[in-house]
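Only one structure is covered here, and it is reproduced in the block below.
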Amino acid sequence: MKRTILITGSTDGIGLVAATQLAEMGHTVLLHGRSPAKLARVQQALPTAAGFVADLSRFEDIDAFAAAVRADVGRLDVLINNAGVFKGAGRAENGLDLRFMVNTIAPYLLTRRLLPMLDRAGRIINVSSAAQAPVDLRALTGQVSLSTNAGYAQSKLALNMWSADLARRLGERGPVVIAVNPGSMLGTKMVKQAFGVSGADINIGGDILVRTGLSDEFAGASGRYFDNDRGQLAAAHPDMDNTDRAATLTRAIDAILKQAGISDLPPIQP
């Protein structure tokens, strides 16, 4: 069955690898990038794919992005929240830590906006990392500054936590929500810039995004974490499975959105 699949951060790295594979399989791939020029180049290589430009550090861009997707397609089968940052300016324009904004809050807001387009057979794949650290809610809300490494690791655990919380709230109604470590030290632009190494084959990461997005083996894996370093569903940081902490973190994100004037998210039906 051919599916409609949106991949954020799909103009390079593992996002581009996955987009290319999925397009070659005949699926409808919706691309996203921050650079109009890079997005245009990818669209030339994948002429069947629609493309969207959005800066995921800006709430207004995320909302416009979601609105454009809703206007362009009537149904979404798979959402792959792949875009992320490691280095860069410490804070986004709205004063939030850039890593929390792009790696945690942006995919949450985009997911909530697009959730009505996904049915129980749909999938939400959130690209996480082996780097995970307990979340300081003061840092999430912009009250405390963190180092680059700490901000990244906390933002990825926060992504895992809201993934698990959303999966619990959706229950059997779906869609399936899975957090994925695509593989450590892959040869992406992020790894090269952060560590100055060439890294491992990025196809490792692209392959697992395709697999978790499409394979029947993950149909019952909602709320779980797949560790591609170990090649299996595995336990992540204990806070991911701590129901109270995950729910508290989700409420903190909702409060951030409300403070930013975003209070019209489609409800998650009980």
I'd like to know if Asp63 and Arg113 make a salt bridge, using a cut-off of under 4.0 Å between side-chain N and carboxylate O. yes

Side-chain ion pair, Arg75 and Asp119, N-O less than 4.0 Å: yes

Quick check on [X]: does its [atom1] atom have over 12 non-hydrogen neighbours (other residues, nucleotides or ligands) under 6.0 Å away?
| X | atom1 | result |
| --- | --- | --- |
| Arg34 | CZ | no |
| Gln259 | CD | no |
| Arg138 | CZ | no |

Main chain of [Y], side chain of [X]: is a donor-acceptor contact present, judged purely on distance under 3.5 Å?
| X | Y | value |
| --- | --- | --- |
| Gln154 | Ala133 | no |
| Arg230 | Asp227 | no |
| Arg70 | Leu114 | no |
| Asp77 | Thr4 | yes |

Does the side chain of [X] come under 3.5 Å of the side chain of [Y] through a donor N or O and an acceptor N or O?
| X | Y | answer |
| --- | --- | --- |
| Tyr225 | Asp241 | no |
| Ser147 | Asn149 | no |
| Thr111 | Asn81 | yes |
| Arg251 | Thr248 | yes |
| Ser129 | Asn181 | no |
| Thr250 | Asp165 | yes |

What's the separation between atom CG in Asn203 and atom CD1 in Ile14, rounded to the nearest 0.5 Å? 10.5 Å

Whether Phe65 and Phe52 hold their rings parallel, tilted or perpendicular, with breakpoints at 30° and 60°: tilted

Could you list the donor-acceptor pairs under 3.5 angstrom formed by side chains in residues 40-48, with sequence neighbours left out?
residue, atom, partner, partner atom, Å
Gln43, NE2, Ala49, O, 3.2

